[in-house]
Amino acid sequence: MTQRRILVTAALPYANGPIHIGHLVEYIQTDIWVRYQKLAGNRCVFLCADDTHGTAIMIRARQEGRSEEQVIAEMQQRHERDFAGFEVGFDHYGSTNSPANRQLCGQIWQALRQKGMVSERAVTQLFDPVAGTFLADRFVKGTCPVCKAPDQYGDNCDRCSSTYGPHELIDPVSTLSGAKPELRQAAHLFVELERLHPFLDEWTRSADHLEPEVSNYLHGHFLNKPLRDWDVSRPQPYFGFEIPDSPGNCWYVWFDAPIGYMASTWEWCQRHGENFDLWWRDPGTEIHHFIGKDIMYFHTLFWPGMLHSAGLQLPTKVHVHGFLTVGGQKMSKRTGTFVKAETYLRHLDPAFLRYYYATKLSPSLNDLDLNLSEFASKVNSDLVGKVVNLASRTARFVKQTGLSATYPDDEALFARGAAAGDEIAAAYEACDFGRAMRLVMELADRANPYVESNAPWTLSKDPAQAGRLQDVCSVALNLFRQIVVYLSPVLPRLARQADELFGVPIRNWRDAASPLVGTPVATFQHMLQRIDPKDIQAMIEDSREKELDATSATPAAAGATTVPQDTEEALLAEPLQPTILIDDFAKVDLRVARVLAAEDVPDAKKLLKLTLSLGGEVRRTVFAGIKAAYKPEQLVGRLVVVVANLAPRQMKFGLSEGMIVAVGPGDKDVFLLGVDSGAKVGQRVH
RNA sequence: GGGCCUGUAGCUCAGUGGUUAGAGCAGGGGACUCAUAAUCCCUUGGUCGGGGGUUCGAAUCCCUCCGGGCCUACCA
């Protein structure tokens, strides 16, 4: 069998937040695949890095009054600690803010220049004089120059669908500082991706680089029309690398992020005396990227385009996975299902999640659901009840004697297990881990009845049966070890524990094909605790963002009770805005209103249609995106706060004449503002 | 509204033209007592979302309708 040379990456986590169980779907999936490849005897290197550049990091650093370098250094430390906690075994973990990355960005940039792929043109852009930075389209709001709709983002109008530049907005406002932006010109650099259209058309369709679903999506959404030039520069200030031949400009974060894969490789090569070109310039190397479906666009169009232009090896395959849901719902901080890696590790064994994800993973980009009760029962019955139990119930009988010197007759159980190896291997290779786990559990389901029918506990009572007892236990323990070999990509710690039990390390997939004979057996140690549902509950509680009711929020009323621990997460997600004057606030006419009627808008996924009374005969119709959070009947009669002087907006389902105010990130986490009793309809908020 | 995915036992899912549709978990009955109240045996349970078509034969292929999910749009 020839040894393959395989380079594997998982997407670079952004240095703006901690790792959570959603991220872990990808890192666990990738780690399992890598461990399988290594066990199969292939040369495989697993590389990753923190993604550190961009406006978000710059803003955050300013907000926290420290340097970007301090922010990303701290986050990288946390990321690496979390990954280690889940046994995600990178061969190297770098950072996009590294000298190696800067240099490689420069090389690829040079190549793009030489191919004439880069064009420069002046972009007139709005500049925020208070924040001292140019404003990306989404950081500017104003009135649509075409239809005069207010409160539109800088790139296109929601109301009339016309597209324009942010400088064309009427009365633009920076969402960063609230300042009135100035018009400034800056030279931007563009990669003319359309010139690679024929290449990308071909690449995305050929050689199994992508699952058909992914390929179809790309052809339906992007490749069916000319590809737009890609703006890859950002004027300073910007946290990133300055472009050598374009002083004052940095590469956009999505330009240098994927190059981070190569930079991480380069650093790994330096440390291990490896030849970088062998990994990125040699057609004998396979390159596999594992990513989430949200970043398909960058990895299947821009990235291959960059590599192609620079004469580097293209990805062999881009593996795309879906998102995590918990109990069929999006992860939510309110319900405690937004579980950070470090929180999980405080309560549960990482092996549980690795196994559970493995049973759920397939090559498809469908979302994957974590069902907490299924999680507990699957881990407990499969791993503890079936697999570990095999060793737990037999090892002590052969502690004195060790395994039989020749492998006994076992009704061909071991041979059948060995024969299943190819099919299980194929499932791992195809990233169909769910299938691999099912096949392995079939082996465990056959092994326990063997123990049952040969009853070692009965044999142990009769000294004349000592040889028979040793044989039966040798079979059970070899079946156990065979299963552990097959599970070891998923459960590396269990493999190490088996190594200790048998004193013979599992090194290769083929270790499942030949039984151990004549070797000693150590004292059996517990390998996995069962999941106690209480621990899951505690983890969820720990993850739940505490809701404050009016009494506990008031120190006087709270009395001697403990002060709630409010985290800073919400503030970090949405930083405080710059100071405004009272006149600015006075422009917003907030009024108390009563919901007279609330009805579902059947064709809308997010909207409810509300009829509000501002007192007397003054009525307003408002469409509010709160369908997931409130039922119409819950709303009728209650008081809400409405922006009464917001310009009406034409929506698909009718005219919306205002906006009711609420907090929360959206979807189910939306909380309407109310007023304490005594307030009257129509009164203004001062 | 558009694109993609999906619908099989109470739950999670196998099963892409060929005997009487399977597994695990859960439920019921029994056994064992080595093992982390684990395990083993027996067992209940399905008009394979509905309808139509192709075929000697359909869970599987085609059409259509219905339900669910994701993306997108309408929105925060």
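So that the names make sense, note that chain A is the first sequence line, chain B the second, and so on, each numbered from 1.
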Rounded P spacing from rG18(B) to rC5(B) in Å: 23 Å
Ring-face cation contact, F323(A) with K330(A), 6.0 Å cut, 45° max: no
RNA chain B: 5'-proximal contact among F323(A) and R530(A) (nearest heavy atom): R530(A)
Proximal nucleotide (of rU36(B), rC40(B), rA14(B)) relative to the N448(A) side chain: rC40(B)
Nearest-nucleotide pick for N366(A), side chain only, options being rU36(B), rC5(B), rC70(B): rC5(B)
Side-chain N or O of K330(A) closer than 4.0 Å to phosphate OP1/OP2 of rC70(B): no
Crowding at CZ, R228(A) (>12 non-hydrogen neighbours, <6.0 Å): no
Protein proximity profile, nucleotides 25-35 of chain B - base contact B, sugar-phosphate-only contact S, no contact -, cut-off 4.0 Å on heavy atoms: S------SSBB
Counterpart base for rA23(B), defined by Watson-Crick or G-U wobble contacts under 3.5 Å: rU12(B)
Heavy atoms from other residues, nucleotides or ligands near CZ of R416(A) exceed 12 (cutoff 6.0 Å): no
side-chain contact (heavy atoms from CB on, under 4.5 Å), paired with T523(A), selected from R396(A), K399(A), E500(A): K399(A)
Assigned partner base of rU39(B), Watson-Crick or wobble definition, under 3.5 Å: rA31(B)
Separation of atom CG in L365(A) from atom C1' in rG3(B), rounded to whole Å: 12 Å
Pair assignment for rG7(B), Watson-Crick or G-U wobble, requiring both distances under 3.5 Å: rC66(B)
Sidechain-backbone polar pair: T394(A) side chain, L390(A) backbone, donor-acceptor under 3.5 Å: yes
